[in-house]
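Below is one structure, written out as structure tokens; comments come after it.
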Amino acid sequence: GAKIKNKKKKPIILQKEGGGGKNNDQTKQADSNRENNNNNVTTITSSKCALTELSLASNLIGADGSTAIGKMLSQGSCRLQILNLQNNTVGAFGASVIARGLATNSSLKKLFLQRNDCGDSGAVALAKVLNAHDKNYLVGNLTLVELRLDYNAIGLVGKKALRDARRTNKVLEVLTV
């Protein structure tokens with residue numbers, strides 16, 4: 001399930017049922033789970049963001065959930081420091097939306113995006129935000145110290161963009177691809 005920690009470090013757990021099998025009932029259940037998970041993400045992210053740690057690993061949040069996360073990250077009130085979105089079908093679009101949210105975020109320190117099929121375009125979008133000298137962003141993220149992008153089908157273009165961003169970003173300590 002999804003784990004959310006508030007400032008008092010007491011975990012709140014959102015239960016996620018299994019699903020995603022081959023027959024129609026399982027497919028309907030998987031679609032229902034995806035919709036419920038997106039509703040949970042929207043509920044979590046629409047309130048004032050007092051959370052400091054949020055784990056939605058393996059919750060199938062997809063593009064809709066990524067959009068809500070990106071909006072949350074861009075809010076000036078966001079205090080989130082650790083965000084775990086591993087294995088969530090975020091894709092290139094979702095990575096781009098999250099990157100836009102990171103551009104103005106000043107609290108996030110660790111972002112886990114492993115196994116999300118971000119590809120080159122998602123990696124390039126994240127790299128632009130991390131690149132302190134990218135002309136497309138008036139501001140960039142200078143608080144992220146750890147970014148994990150393992151198993152995302154990132155090719156040479158994405159790796160080069162991330163490597164270049166890593167050179168100019170003096171805050172980022174850990175970058176895995």
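Remember, predicted model here, so these are calculated numbers, not experimental data.
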Please set out all donor-acceptor pairs under 3.5 angstrom arising from side-chain atoms of residues 153-166, sequence neighbours excluded.
{"unit_1": "K160", "atom_1": "NZ", "unit_2": "D164", "atom_2": "OD2", "d": "2.8"}
{"unit_1": "D164", "atom_1": "OD1", "unit_2": "R167", "atom_2": "NH1", "d": "3.2"}
{"unit_1": "R166", "atom_1": "NE", "unit_2": "L172", "atom_2": "O", "d": "3.4"}
{"unit_1": "R166", "atom_1": "NH1", "unit_2": "L172", "atom_2": "O", "d": "2.8"}
{"unit_1": "R166", "atom_1": "NH2", "unit_2": "L172", "atom_2": "O", "d": "3.1"}

With rounding to the nearest 0.5 Å, note down the distance linking [atom1] in [X] to [atom2] in [Y].
{"X": "L126", "Y": "S96", "atom1": "CG", "atom2": "OG", "answer": "7.5 Å"}
{"X": "S107", "Y": "R79", "atom1": "OG", "atom2": "CZ", "answer": "6.5 Å"}
{"X": "I61", "Y": "S66", "atom1": "CD1", "atom2": "OG", "answer": "4.0 Å"}
{"X": "S58", "Y": "Q86", "atom1": "OG", "atom2": "CD", "answer": "7.5 Å"}
{"X": "Q114", "Y": "N152", "atom1": "CD", "atom2": "CG", "answer": "8.0 Å"}

Kindly indicate whether the side chain of [X], heavy atoms from C-beta on, has any atom under 4.5 Å from the side chain of [Y].
{"X": "F93", "Y": "T67", "value": "yes"}
{"X": "L144", "Y": "L130", "value": "yes"}
{"X": "I98", "Y": "L113", "value": "yes"}

Donor-acceptor check, side chain of [X] to backbone of [Y], threshold 3.5 angstrom: yes or no?
{"X": "N88", "Y": "G62", "result": "no"}
{"X": "N116", "Y": "V90", "result": "yes"}
{"X": "N131", "Y": "V129", "result": "no"}
{"X": "T143", "Y": "L108", "result": "yes"}
{"X": "D117", "Y": "G91", "result": "no"}
{"X": "N84", "Y": "L54", "result": "no"}
{"X": "N169", "Y": "N141", "result": "yes"}

Compare every heavy atom of L56 with every heavy atom of L85, then report the nearest pair and how far apart it is. CD2-CB, 4.0 Å
Taking all non-hydrogen atoms of both residues, which atom of G122 and which atom of A95 are closest, and how far apart? CA-CB, 3.7 Å
Is there a path of hydrophobic side-chain contacts, each under 4.5 Å between heavy atoms, that joins V97 and L149? no
Scan L111, L102, N105 and name whichever one has a side-chain contact (heavy atoms from CB on, under 4.5 Å) with L83. L111
My understanding is that a hydrophobic cluster links ILVMFWY residues whose side chain heavy atoms are under 4.5 Å apart, including indirect links. Using that, what else belongs to the cluster containing F112? I82
Would the number of heavy atoms belonging to other residues, nucleotides or ligands and lying under 6.0 Å from NZ of K109 be above 12? yes
Check side chain to side chain donor-acceptor pair (under 3.5 Å) between D150 and all other residues, then give those that pass, not counting sequence neighbours. T176
